[in-house]
Amino acid sequence: MLDRKYIVENAEAVKQNCIHRGIEADIDRLVTLEQQRRELLNQAQELNRQANEVAKTIGKAKNDAERDARKEEGRKLREQKDEVQSQHDKLDKEIVCLQGGIPNLSHPDAPIGEDDKSNLEIRKGEHAPLSFDFQPLDHVELAEKLDLIDFEGGARVAGAGFYFLKNDAVLLELALQQYALRMLMGEGFTPVTTPDLAYTEILHGTGYIPRGPETQIYSIENSNLNLVATAEITIGGLLSGQTVDAEELPLKICGSSHCFRTEAGAAGRASRGLYRVHQFTKVEMFAFTLPDQSDAMLDHFCELECRIFDGLGLPYRVVDTATGDLGGPAYRKFDLEAWMPGRGENGEYGEVTSTSNCTDYQARRLNVRFKRKGEKGTQFVHTLNGTALAISRALIAVLENNQQPDGSISVPQALRPWVGKDVIGSPSEVFLSRDEE
RNA sequence: GGAGAGGUGGCUGAGUGGUCGAAAGCGCGGGUUUGCUAAAUCCGUGACCCUUCGGGGUCCGCAGGUUCGAAUCCUGUCCUCUCCGCCA
């Protein structure tokens, strides 16, 4: 949410930004309503002040007659105040509604464009896409041959979009989590596991909308709890309503959580196999920072994402997200797109991570503030989030890029300590296990 | 799930209808004293919003209600703690 005063005072800039973002918002109406609201607020406050004044004299009244007269006076003032107040509240409600639909401001360097076609490639990873001297398979075929994923079983239990990881894929999931968490802990992140459910107000605060036909969110019936779409929601909510000391910032937290997404309206989009599923595991980075730290933190998050994918030996490119593709809360966003040899005709890049600087947009609604010692008042913190590893999509890239001519998968060096083997599905594996018997 | 207790400022904790934005202590900021440190002592110290910058309004978990007036009374609700049950 943007600051209301800021919107009123910078209406033209906000309007222009909405155009760049491809979002329709009636800024003029908001400005008009806000002016009316302030007028009503002043009236209500004045009436309230008068009523308070009257109330104070009642205890000191000399006799019953005077007391009754003053009571009547007070009652009338309250009635007037209630009337004005309710008009005010009505306006305020509409303003909040309009205000909630206005996206964050955009970084001046973010490419301007209406959708992901305008995203700007800014960098490539250490490793170039391999050219296979055989026809590479996609991860669905690989997983089937090696008995790594059971999509049919998942569908039987919970419907399309759910799956069982099996055998070494389970070890791969755990290995990827370990790999990412260890690296982040080494970078000063505090690791957490988070609730997989969160209150509706926390989702709103982070910019997710749990109701409506297009919602991405699963909600729990007869409660105000929702399955989280990312640990960004829970970690962001961790400090909601809190005021932290400026010296404690920046606060870097990494969390592992399950992510649940309905993917409503996503039918028809590239979604084979693990690419677009209703549940996956994700290691997320999150930071609460001072306002002047957030630009550098975004670069830091992006660099860590690169290091994670370079460390896995996976080819990728980094994309600077265009204004029209930023969503509501992000001020600037970088995506990593990993090379997936089995995607499309001859391989394609597919989004695997995303890191955003949300400035004070989430903090304002979550009400997370900081206070500088010796300074009066408080300010909103900045929040940032970034994917360290979304296991499902990382798994696609790992399986497809490391496939061997014999159909086996070479386990990336970085994961071997946790997977406990160099190759998944090699013939030698079969010999080994026989030898051991 | 059953039975109790409780939610007050950064923290501990008083406050059962008006003089309470709220005692006291701790913490924090500053002054004095002191060779430094420590100790003592004094003063100050919540947040948000509006403002014609004089000031004003709101906030005691949250939402309603009673009242001229609510931290205080009533209703609902959420959360926390303790005990029992159940369970990983």
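The chains referred to below are lettered A, B, ... by the order of the sequence lines, with proteins before strands, and numbering in each begins at 1.
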> Please state how far atom CD in A:Glu53 lies from atom P in B:G57, giving the value in whole angstrom units.
9 Å
> Using purine N1 to pyrimidine N3 plus N6-O4 or O6-N4 for Watson-Crick, or N1-O2 and O6-N3 for G-U wobble, each under 3.5 Å, what pairs with B:U19?
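B:U19 is paired with nothing.
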> Would you check if A:Leu326 and A:Ser106 make a side-chain contact, meaning some heavy-atom pair closer than 4.5 Å?
yes
> For B:C48 and A:Thr378 - does any side-chain N or O of the residue sit under 4.0 Å from the phosphate oxygens OP1/OP2?
yes
> Would A:Arg393 pass as a cation-pi partner of A:Tyr275, given that its NZ or CZ must be under 6.0 Å from the six-membered ring centre and within 45 degrees of the axis?
yes
> Can you tell me, in whole Å, how much space there is between the P of B:G15 and that of B:G64?
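Their P atoms lie roughly 28 Å apart.
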> Which one, B:C49, B:U51, B:C48, comes nearest to the side chain of A:Gln45?
B:C49
> Which of the following nucleotides, B:C48, B:C49, B:C68, is nearest to the side chain of A:Lys71?
B:C68
> Give me the distance, rounded to whole Å, that separates B:C42 from B:G54 when you measure between the P atoms they each carry.
33 Å
> Measure CD/A:Glu72 against P/B:G69 and give the value in whole Å, please.
12 Å
> Can a side chain N or O of A:Asn48 be found less than 4.0 Å away from OP1 or OP2 on B:U58?
yes
> Under 4.0 Å between a side-chain N or O of A:Tyr199 and OP1 or OP2 of B:C78?
no
> Which whole number of Å gives the distance between the P atom of B:C68 and that of B:A14?
33 Å
> Between A:Gly377 and A:Val54, which is nearer to the 5' end of RNA chain B once each is assigned its nearest nucleotide?
A:Gly377
> If we call it a pair only when both distances are under 3.5 Å in a Watson-Crick or G-U wobble match, what pairs with B:U37?
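Matched B:U37 with nothing under the 3.5 Å cut-off.
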> Taking only side-chain N and O atoms of A:Lys5, does any of them lie within less than 4.0 angstrom of OP1 or OP2 on B:C49?
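Answer is no, no contact under 4.0 Å.
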> Say we look at B:U82 and B:C11: how far apart would their C1' atoms be, to the nearest angstrom?
22 Å
> Could you work out the separation of B:A71 and B:U58 based on their C1' atoms and round it to a whole Å?
14 Å
> Going by an N to O cut-off under 4.0 Å, is there a salt bridge joining A:Glu46 and A:Arg49?
yes
> Does B:U51 have OP1 or OP2 under 4.0 Å away from a side-chain N or O of A:Arg38?
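For B:U51, OP1/OP2 do have a side-chain N/O of A:Arg38 under 4.0 Å.
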> Is the phosphate of B:C68 approached by A:Lys56 (side-chain N or O, under 4.0 Å from OP1 or OP2)?
no
> Report yes if at least one side-chain N or O of A:Arg78 is closer than 4.0 Å to OP1 or OP2 of B:G69; otherwise report no.
yes
> Between A:Arg49 and B:G55, does any side-chain N or O lie under 4.0 Å from OP1 or OP2?
no
> Closest heavy-atom contact between A:Gln99 and A:Met1?
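Answer, listing the atom of A:Gln99 first, then A:Met1: NE2-CG, 3.7 Å.
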> For A:Phe380 and A:Arg75, find the nucleotide of RNA chain B closest to each by heavy atoms; which residue's nucleotide sits nearer the 5' end?
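Comparing both residues, the 5'-ward one is A:Phe380.
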> Minimum heavy-atom separation for A:Asp150 and A:Gly153, please, with both atom names.
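Shortest heavy-atom contact: OD1-N, 2.6 Å.
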> Would you say A:Glu247 has more than 12 foreign heavy atoms packed within less than 6.0 Å of its CD?
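More than 12 heavy atoms, drawn from other residues, nucleotides or ligands, come within 6.0 Å of this atom.
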> Do any side-chain nitrogens or oxygens of A:Asn52 fall under 4.0 Å of OP1 or OP2 in B:U58?
yes
> Watson-Crick or G-U wobble partner for B:U75, using a 3.5 Å limit on both distances?
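B:A63 - that is the nucleotide pairing with B:U75, both distances being under 3.5 Å.
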